Each structure stands twice: as structure tokens, then as C-alpha cells.
Amino acid sequence: MNKKSIRDVADLAGKRVFVRVDFNVPLENGVITDDTRIRETLPTIKYLIEQGAKVILASHMGRPKGEFVDSMRLTPAAVRLGELLGKPVAKADEAVGDAVKAQIAELKNGDVLVLENVRFYKGEEKNDAELAKQFAELADLFVNDAFGAAHRAHSSTAGIAQYLPAVSGLLMEKELDVLGKALSNPERPFTAIIGGAKVKDKIDVIDNLINLSDNLILGGGLCFTFLKAQGYSIGASMLDEEKIELAKTFINKAKEKGINLLIPIDVVVADKFDANAETKIVDVDAIPDGWLGLDIGPKTSKIYADTIKNSKLVVWNGPMGVFEMDAFAAGTKAVGEACAETAGYTVIGGGDSAAAVEKFNLGSKMDHISTGGGASLEFMEGKALPGVVALNDK
Ligand SMILES: Nc1ncnc2c1ncn2[C@@H]1O[C@H](COP(=O)(O)OP(=O)(O)O)[C@@H](O)[C@H]1O
Ligand SMILES: O=C(OP(=O)(O)O)[C@H](O)COP(=O)(O)O
């Protein structure tokens with residue numbers, strides 16, 4: 001990476017360091033149900049503690065739209081962080097202002113303070129310069145470790161970097177390194193797997209991956225737009241009408257470039273969108289009218305799994321079916337198991353794909369599970385991430 005990281009900063013002892021993290025973790029009734037994002041920032045936080053910095057952590061949680069919302073406070077994240085570090089972690093009730101400054105003035109070297117949700121302030125998502133300056137006043141150095149929010153140009157992810165020396169944290173560095181290596185000089189055969197439901201959001205990444213990958217595997221709700229583009233009747237399956245023509249151009253582009261574009265040959269169909277629906281496995285030329293395709297079929301799973309197992313690099317974003325319902329989970333499970341078994345390097349991106357991998361207990365068998373869904377997609381699309389662009393060059 002051509003950006004400076006905290007390892008490039010000499011003499012952190014006694015410095016007030018404003019670290020933007022992504023502690024936007026899932027909460028149910030105030031209880032954190034998955035603390036991955038907090039655990040993944042521990043290397044940066046521990047490094048700063050060991051160096052004797054005063055660690056000031058800032059994050060968003062949810063989308064409170066500029067209001068103080070009690071259920072979106074960062075208190076549960078601060079408590080969890082304290083447990084993981086095995087040391088007390090202070091928590092502020094605000095993210096800027098005199099009370100926060102007073103709390104920071106009390107910090108000793110190696111102490112940790114978690115600020116309140118930065119999105120409680122209207123300026124944050126507008127990348128307001130005044131708010132960015134107020135954040136900058138709290139510290140001597142800005143560290144961005146929030147890969148999950150790196151695609152956002154906000155006051156605490158990008159704006160603040162105008163007013164302080166700005167470097168990346170270790171998680172940010174790792175994410176960019178892994179995804180960058182994977183995509184800039186991929187080991188081949190390189191297989192990209194795109195599934196899930198959001199055709200519109202993923203169309204650009206599919207376009208970019210046609211240029212990069214050797215095998216491009218499609219599944220999930222979005223593959224039905226491609227099946228329709230191939231002339232099949234898809235019943236009541238998910239369809240993005242507006243993208244059919246684009247899907248046709250992608251199919252042709254893949255052919256011209258000699259890319260192995262894999263689209264299902266059989267699917268699991270259901271008479272309704274329901275865990276207890278009547279289901280059948282059919283070839284893609286036999287999808288009954290009114291039925292919905294909710295998973296890839298076993299013949300497709302086998303082809304996909306064989307392709308994955310013969311790959312040196314696999315990047316996966318988006319489940320193959322409605323894996324939340326057991327009747328439609330087999331395709332996602334088969335792809336997950338193939339990713340777990342392959343000797344190739346496996347990178348998982350996207351909240352639902354990571355959740356699927358966890359559901360099937362395959363997490364420990366993957367090489368890298370990204371903490372950023374939208375961020376990893378934008379990275380794979382080849383877009384510059386504002387939270388990274390803002391950092392100081394090496
Ligand atoms: N054939 C399908 N029809 C409708 N929804 C689907 C289908 N296959 C997968 N899905 C749904 O797609 C959702 C995930 O999509 P998406 O948000 O695009 O993935 P990710 O979060 O991994 O990027 C899952 O909730 C899953 O149930
Ligand atoms: O959860 C996040 O995004 P993700 O679900 O795309 O990984 C990040 O914390 C960014 O949150 P945002 O999409 O509200 O800016």
C-alpha cells in the first residue's frame with residue numbers, strides 16, 4: 001500500500017491518537033450478537049497501547065441521521081472492547097466538545113476512550129469541515145482503521161485528515177493488502193463468485209470481474225436476470241428488468257474475452273417464498289410459471305464446487321440462495337464447503353456471505369473474511385475509497 005500506516009509513525013508515546021474504527025456491530029436488545037469488527041481492530045488498539053499512545057476511538061453505529069438515539073450509543077461496544085482488552089475502557093457521552101476534551105486531558109499513556117456515535121452529529125455524513133475540525137482538535141494524529149466505512153466520505157473518515165497527520169491502522173492495511181493483492185496480481189486460476197439479491201449494486205463489480213477473473217460464477221437472486229438474458233423463462237424468480245440488456249452484453253463480453261462465465265444449469269424452485277413451500281429441482285429450461293428459483297440446483301453446485309477446488313484464488317460475495325431457509329441453503333453450503341476445501345486462497349466479502357460462512361461453521365477455514373461489505377464491493381469495482389484516499393502517502 002502506498003499510504004502511511006501507524007507503523008510509519010515514530011514516537012507515539014504520549015500522543016493523542018484519534019482512531020476511526022468501524023464498531024457498527026449487530027445489536028439485539030442492546031446485546032452484541034457478533035463482535036468480529038471489534039476483535040479485528042484489536043491489533044491496532046493494542047499496538048497503540050503498547051507504544052504508550054492515548055487512544056481515542058470514534059465510530060458510527062447504525063444510521064441515526066444526526067440525532068442522539070439511545071439504542072445506537074456505543075456503550076455496548078466500549079464494554080465489549082474492555083472485556084477483550086482485559087482493561088478498563090472509558091466512554092464519553094459525546095464525540096466533540098469541552099466535556100470530551102476534559103476527559104481526554106485526563107488520559108494517561110496507554111489509556112483508551114471510546115467517543116459517542118459520530119453519526120449523532122448532522123455534519124458527519126455531509127463531511128462537514130467544522131465537525132472535522134472539532135474532531136481534529138481532540139488529537140495529534142488521525143488513524144483510519146474503519147475499512148467497513150472507507151467507502152464513505154464523512155467528517156470522521158475523510159474530512160479530519162485535512163487537519164491532522166493521517167495514517168492507516170493495521171486492519172485497514174490488512175484489508176487493502178489482501179484485496180489489493182488478490183485483485184491487482186491475482187493467482188490463477190482466479191474464480192470470482194457473485195450472488196445475493198442486489199443486482200443493481202453488484203452489476204459494476206460483475207463488469208470489473210469479467211476483466212480480472214478466469215472463472216466468474218453467478219448465483220443467488222441476481223443470476224435469474226442472466227438466465228432471462230439467455231432466453232429462459234424464469235417464472236416468478238427475482239428479476240431486474242432494466243438490467244437484462246446489460247446482462248446480455250456481459251455474457252457476450254465474457255465470451256469475447258474467453259472468461260468462463262458460469263450461470264446455473266439447474267435450480268431449486270418453490271411455489272412460494274416460504275420455508276415450508278413446495279419445492280422441486282428443475283433444469284433452467286423447465287422453471288414452472290409462477291414458481292420462484294430460490295437456490296442453485298445440485299448439478300450446478302457440483303460444477304461450481306469443482307471450479308472452486310481447482311482455483312488458486314477465490315473471491316466470494318453474496319449467497320447462492322435464500323440460505324436463511326434450510327430448504328434453500330444447500331447451494332450456499334456447497335460453495336462454502338468448496339471454498340473451505342480448496343487449496344487456493346479464499347476471500348469472503350459481504351455481510352450475508354460472512355453470515356452464511358459462520359452459519360455453516362466454515363469461518364476458520366477461510367483465509368480472509370472482510371469486515372467491509374459495501375467497502376469491499378467498491379474496492380472490487382475498482383473505485384477509490386475516500387477514507388483511504390485521504391491518508392498521507394508514503
Ligand atoms: N434466489 C434468490 N431469490 C431471492 N433472494 C435471494 C436469492 N438468493 C439469495 N437471496 C438473498 O440474498 C440476500 C443477500 O443478498 P446481498 O445483500 O446482495 O448479499 P451480501 O450481503 O453478501 O452482499 C440473502 O438474504 C438471500 O436470502
Ligand atoms: O456495516 C457497514 O456496511 P456493510 O454492511 O456494507 O459492511 C459499515 O459499517 C458502513 O455502514 P453504512 O452503510 O451505514 O455507511
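In this chain, residues are counted from 1 in sequence order. Both counts, for ligands and for their atoms, begin at 1 and track the order of listing. Here the structure is a predicted model, which means the values were calculated and not measured.
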Margin query: Assess whether a salt bridge exists between Lys54 and Asp111, defined as any Lys/Arg side-chain N lying under 4.0 Å from an Asp/Glu carboxylate O.
Written below: no
Checklist line | Distance filter under 4.0 Å to Met238 heavy atoms, resulting ligand 1 atoms | finding: 4 (C), 5 (N)
Notebook entry, point to check: Among all protein non-hydrogen atoms, which one is nearest to atom 27 (O) of ligand 1, and what is the separation to 0.1 Å?
Noted result: Glu324 OE1, 2.7 Å
Notebook entry, point to check: Any Lys/Arg nitrogen of Lys3 or Asp393 sitting under 4.0 Å from an Asp/Glu carboxylate oxygen of the other?
Noted result: yes
Notebook entry, point to check: In the protein, what heavy atom is nearest to atom 5 (N) of ligand 1, and what distance, to one decimal place, separates them?
Noted result: Val322 CG2, 3.7 Å
Margin query: Contact between Glu94 and Tyr121 at the side-chain level, heavy atoms closer than 4.5 Å - yes or no?
Written below: yes
Margin query: Taking a cutoff of less than 4.0 Å between a non-hydrogen atom of the residue and any ligand atom, is Lys202 in contact with ligand 1?
Written below: yes
Margin query: Taking distance alone, with N or O pairs closer than 3.5 Å, would you say Met320 contacts ligand 1?
Written below: no
Check: Is any NZ, NE, NH1 or NH2 atom of the basic residue among Asp70 and Arg73 found under 4.0 Å from an Asp or Glu carboxylate oxygen of the other?
Finding: yes
Next item on the list: Starting from atom 10 (C) of ligand 2, locate the nearest protein heavy atom and write down its residue, its atom name and how far away it is, to 0.1 Å.
Entry: Gly148 O, 3.5 Å
Item checked: Pair Glu83 + Arg80: basic N to acidic O under 4.0 Å -> yes
Checklist line | Residues Asp283 and Lys299 bridged, charged N to O under 4.0 Å | finding: yes
Next item on the list: Return yes or no for this condition: an N or O of His60 is under 3.5 Å from an N or O of ligand 2.
Entry: yes
Check: Considering distance alone, does some N or O of Ala375 sit under 3.5 Å from an N or O of ligand 2?
Finding: no
Item checked: Options Leu377, Thr371, Asp22, ranked by nearest heavy atom to atom 9 (O) of ligand 2, top entry -> Asp22
Checklist line | Test item: Ile45 and Val19 side chains (from C-beta on) under 4.5 Å apart, heavy atoms | finding: no
Next item on the list: Check each of Leu262, Ile206, Ile296, Ile193 against Leu218 using the side chain to side chain contact (heavy atoms under 4.5 Å, CB included) test, and report the only one that passes.
Entry: Ile206
Notebook entry, point to check: Gly318 heavy atoms, cut-off 4.0 Å: which ligand 1 atoms fall inside?
Noted result: 22 (O)
Check: Considering only the protein, which heavy-atom contact is closest to atom 15 (O) of ligand 1, and what is its distance?
Finding: Ala197 N, 3.0 Å
Next item on the list: Using a 4.0 Å heavy-atom threshold (strictly under), name the region of Arg37 that reaches ligand 2: side chain, backbone, both or neither.
Entry: side chain
Check: Among all protein non-hydrogen atoms, which one is nearest to atom 12 (P) of ligand 2, and what is the separation to 0.1 Å?
Finding: Arg63 NH2, 3.4 Å
Next item on the list: Under 4.0 Å from a heavy atom of Arg119: give me the atoms of ligand 2 that qualify, with their elements.
Entry: 12 (P), 14 (O), 15 (O)
Next item on the list: For ligand 1, find out whether one of its N or O atoms is nearer than 3.5 Å to an N or O atom of Gly195.
Entry: no
Item checked: Contact check, Phe224 vs ligand 1, heavy-atom distance below 4.0 Å -> yes
Margin query: Under 4.0 Å, heavy-atom basis, I'd like to know which part of Glu378 is in contact with ligand 2: side chain, backbone, both or neither.
Written below: neither
Notebook entry, point to check: Considering only the protein, which heavy-atom contact is closest to atom 7 (C) of ligand 1, and what is its distance?
Noted result: Gly221 N, 3.2 Å
Check: Looking at CZ of Phe120 and CG of Leu115, how far apart are the two atoms once the value is rounded to the nearest 0.5 Å?
Finding: 12.0 Å
Check: How many angstroms lie between atom CG of Asn392 and atom CG of Asp8, to the nearest 0.5 angstrom?
Finding: 10.0 Å
Item checked: Nitrogen or oxygen atoms of Asp352 and ligand 1 under 3.5 Å apart -> yes
Check: Can you tell if the side chain of Lys280 reaches within under 4.5 Å of the side chain of Pro288, non-hydrogen atoms only?
Finding: yes
Item checked: Protein heavy atom at shortest distance from atom 6 (O) of ligand 2 -> Gly374 N, 2.7 Å
Item checked: Proximity flag Gly373 to ligand 1, non-hydrogen atoms under 4.0 Å -> no
Next item on the list: Look at Lys228 together with Asp240 and state whether they make a salt bridge at an N to O cut-off of under 4.0 Å.
Entry: no
Note to self: Between Lys133 and Glu130 (salt bridge meaning N to carboxylate O under 4.0 Å), is one present in this structure?
What the structure shows: yes
Notebook entry, point to check: Do Ala149 and ligand 2 have an N or O pair less than 3.5 Å apart?
Noted result: no
Note to self: Salt bridge check, Arg37 against Asp22: does any charged N sit closer than 4.0 Å to a carboxylate O?
What the structure shows: yes
Item checked: Hydrophobic cluster membership, Val9 vs Ile49, 4.5 Å side-chain cutoff -> yes
Checklist line | Per-atom contacts of ligand 2 with Gly373, taking only distances under 4.0 Å to non-hydrogen atoms | finding: 4 (P), 6 (O), 7 (O)
Next item on the list: Find all atoms of ligand 1 within a distance of less than 4.0 Å from any non-hydrogen atom belonging to Lys198, and give their numbers and elements.
Entry: 17 (O), 18 (O)
Notebook entry, point to check: Please state which protein non-hydrogen atom is closest to atom 22 (O) of ligand 1 and give its distance, to 0.1 Å?
Noted result: Ser353 OG, 3.0 Å
Check: Just which atoms of ligand 1 are under 4.0 Å from any heavy atom in Asn317?
Finding: 23 (O)
Checklist line | Short N-O contact, Lys91 and Glu116, less than 4.0 angstrom | finding: yes
Check: Among all protein non-hydrogen atoms, which one is nearest to atom 15 (O) of ligand 2, and what is the separation to 0.1 Å?
Finding: Arg152 NE, 2.6 Å
Next item on the list: State which residue, out of Arg188, Lys312, Lys257, fulfils the salt bridge (charged side-chain N to carboxylate O under 4.0 Å, His left out) condition with Asp214.
Entry: Arg188
Check: Any nitrogen or oxygen of Asn24, main chain or side chain, under 3.5 Å from a nitrogen or oxygen of ligand 2?
Finding: yes
Next item on the list: Please write down residue, atom name and distance for the protein heavy atom closest to atom 1 (N) of ligand 1.
Entry: Gly293 O, 3.0 Å
